[in-house]
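See structure below.
Computation of the quantities below employed the complete heavy-atom set of this structure, encompassing side-chain atoms and omitting hydrogens, waters and symmetry-equivalent molecules.
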Amino acid sequence: MRFSRVKAKLRRGEPVLVTCCHFIDPTVYELVSLLGFDGIWLDLEHHATSDETAASLMRAARVGTADIIARPAKGEFMRMGRLLEAGAQGIMYPRCESAEEAAELVRWAKFAPHGERGVDGANGDNPYCSMPMPQYLRAANDNTLLIVQLESPTALGHAEAIARVPSIDVLMLGPGDLSVIAGIPYQFDHPLIADAHRSIAAAAKSAGKWWGTVSGNPEHTQKLMELGAKFICHGCDLIMVKQALELIQQRYTPLGFTFENRLAVEAVRLATLP
């Protein structure tokens, strides 16, 4: 099995940088992993990616060094076992609301005695029935990274209890959902978001756990790190491609080239709605 690069760096006190891939071309995963990013956030909560496709993407990433951190949907505990079997080094669990839910995550993601994850070993994680099972089980429990996303005012109220659940490694603030649920949609400079950063940082420190969140730029990341954040998620392949294409349009429009940018038209139209 592959030991977690992310967990090893966190244990050494080093910050980790994870980037998100939405495209389902294995070449993207191969490229990101070969470039040496700490981890790839594989989002199965908001996208229609199948387990079979996810397994192929993980296989492509194994050529490099990046961890795969897979995010299933809330409550998809059975699916987590398949993702771990396919080779994911970590699970990012969304919308965790309580210590009891965090403990359920541990139950399905860890082998006994820490949990009740089912044993197979015939997939990419063991891999392919090639490793001695007792040692594999111990190594898998020790290296599987469990990240819980706190994405609501209710979750923030339970942050310290969630942080104290054994085998939970990282508390991760989800500012997008938090802002929408709290009635301040995408106002990331709102005091409520700043308070959430401090609350999660304090809960993680008290429990001896790591914490992190998404960050849009190095300046924001520096502020998060000053609060003790070690797990940083930045960037998305889809957005990077979109921005690169927009840059081409900006550079070539002065030369007389024209573009029918329907995305821009729809954005303006949406902005004019009452």
ask   = Can I181 and R95 be said to form a side-chain contact (heavy atoms from CB on, under 4.5 Å), step by step?
value = CA-CA 11 Å; I181 294 170; R95 303 292 287 272; 3.4 Å; yes
Surrounding [atom1] of [X] (heavy atoms of other residues, nucleotides or ligands, distance under 6.0 Å), is the total greater than 12?
X    : atom1 : answer
E52  : CD    : no
Y128 : OH    : yes
Y136 : OH    : yes

Could you check whether any side-chain N or O of [X] sits under 3.5 Å from a backbone N or O of [Y], counting only pairs where one atom can act as donor and the other as acceptor?
X    : Y    : answer
S199 : D195 : no
K209 : A163 : yes
S206 : A203 : no
D169 : L146 : yes
H47  : T49  : no
D67  : I69  : no
K110 : E116 : no
T253 : Q249 : yes
S33  : Y29  : no
K9   : V16  : no

Between [Y] and [X], is the closest basic N to carboxylate O distance under 4.0 Å?
X    : Y    : value
E226 : K223 : no
D142 : R11  : yes
R164 : E160 : yes
R117 : D125 : yes
R262 : E266 : no
R82  : D51  : yes

What's the spacing between [X] [atom1] and [Y] [atom2] if we round to 0.5 Å?
X    : Y    : atom1 : atom2 : result
L156 : E151 : CG    : CD    : 10.0 Å
I162 : E100 : CD1   : CD    : 9.0 Å
H114 : T144 : NE2   : OG1   : 10.5 Å
E45  : M92  : CD    : CE    : 10.0 Å
S4   : L10  : OG    : CG    : 7.5 Å
K205 : W211 : NZ    : CH2   : 12.5 Å

Is there a path from [X] to [Y] through hydrophobic residues (I, L, V, M, F, W, Y) whose side chains come within less than 4.5 Å of each other?
X    : Y    : value
M131 : V119 : yes
F259 : L255 : yes
W210 : L171 : no
I68  : L83  : yes
V214 : L173 : no

Say whether [X] and [Y], considering side chains only, have a donor N or O and an acceptor N or O under 3.5 Å apart.
X    : Y    : result
S152 : E97  : yes
S56  : T53  : no
N126 : N123 : no
Y93  : E76  : no

Residue pair [X] / [Y]: nearest heavy atoms and the distance that separates them:
X    : Y    : answer
I232 : S215 : CG2-CB, 3.9 Å
C233 : M172 : SG-CE, 3.7 Å
L227 : R198 : CD2-CG, 4.3 Å
I24  : L57  : O-CD2, 3.4 Å
A88  : A70  : CB-CB, 4.2 Å
R71  : D43  : NH2-OD2, 2.6 Å

task = Let me see the working for I147 and I91 under side-chain contact (heavy atoms from CB on, under 4.5 Å), right down to the final yes or no.
result = CA-CA 6 Å; I147 303 158; I91 295 292; over 6 Å; no
Do [X] and [Y] touch side chain to side chain, with heavy atoms closer than 4.5 Å?
X    : Y    : answer
M133 : L137 : yes
Q243 : L247 : no
I184 : L192 : yes
R5   : Q89  : no
M225 : P15  : yes

task = Check the pair H22, C236 against side-chain contact (heavy atoms from CB on, under 4.5 Å), reporting the backbone distance first and the verdict last.
result = CA-CA 7 Å; H22 289 328; C236 167; 3.1 Å; yes
request  = Starting from the C-alpha separation in whole Å, work towards a yes-or-no answer on side-chain contact (heavy atoms from CB on, under 4.5 Å) for V241 and L245.
outcome  = CA-CA 6 Å; V241 170; L245 294 173; 4.0 Å; yes
ask   = Do the rings of W108 and F77 sit parallel, tilted or perpendicular, given the 30° and 60° boundaries?
value = parallel
message = By the ring pair (Phe, Tyr, Trp, His ring centres under 6.0 Å) test, which pairs, at least two apart or in different chains, include something from residues 227-257?
response = Y252-F257
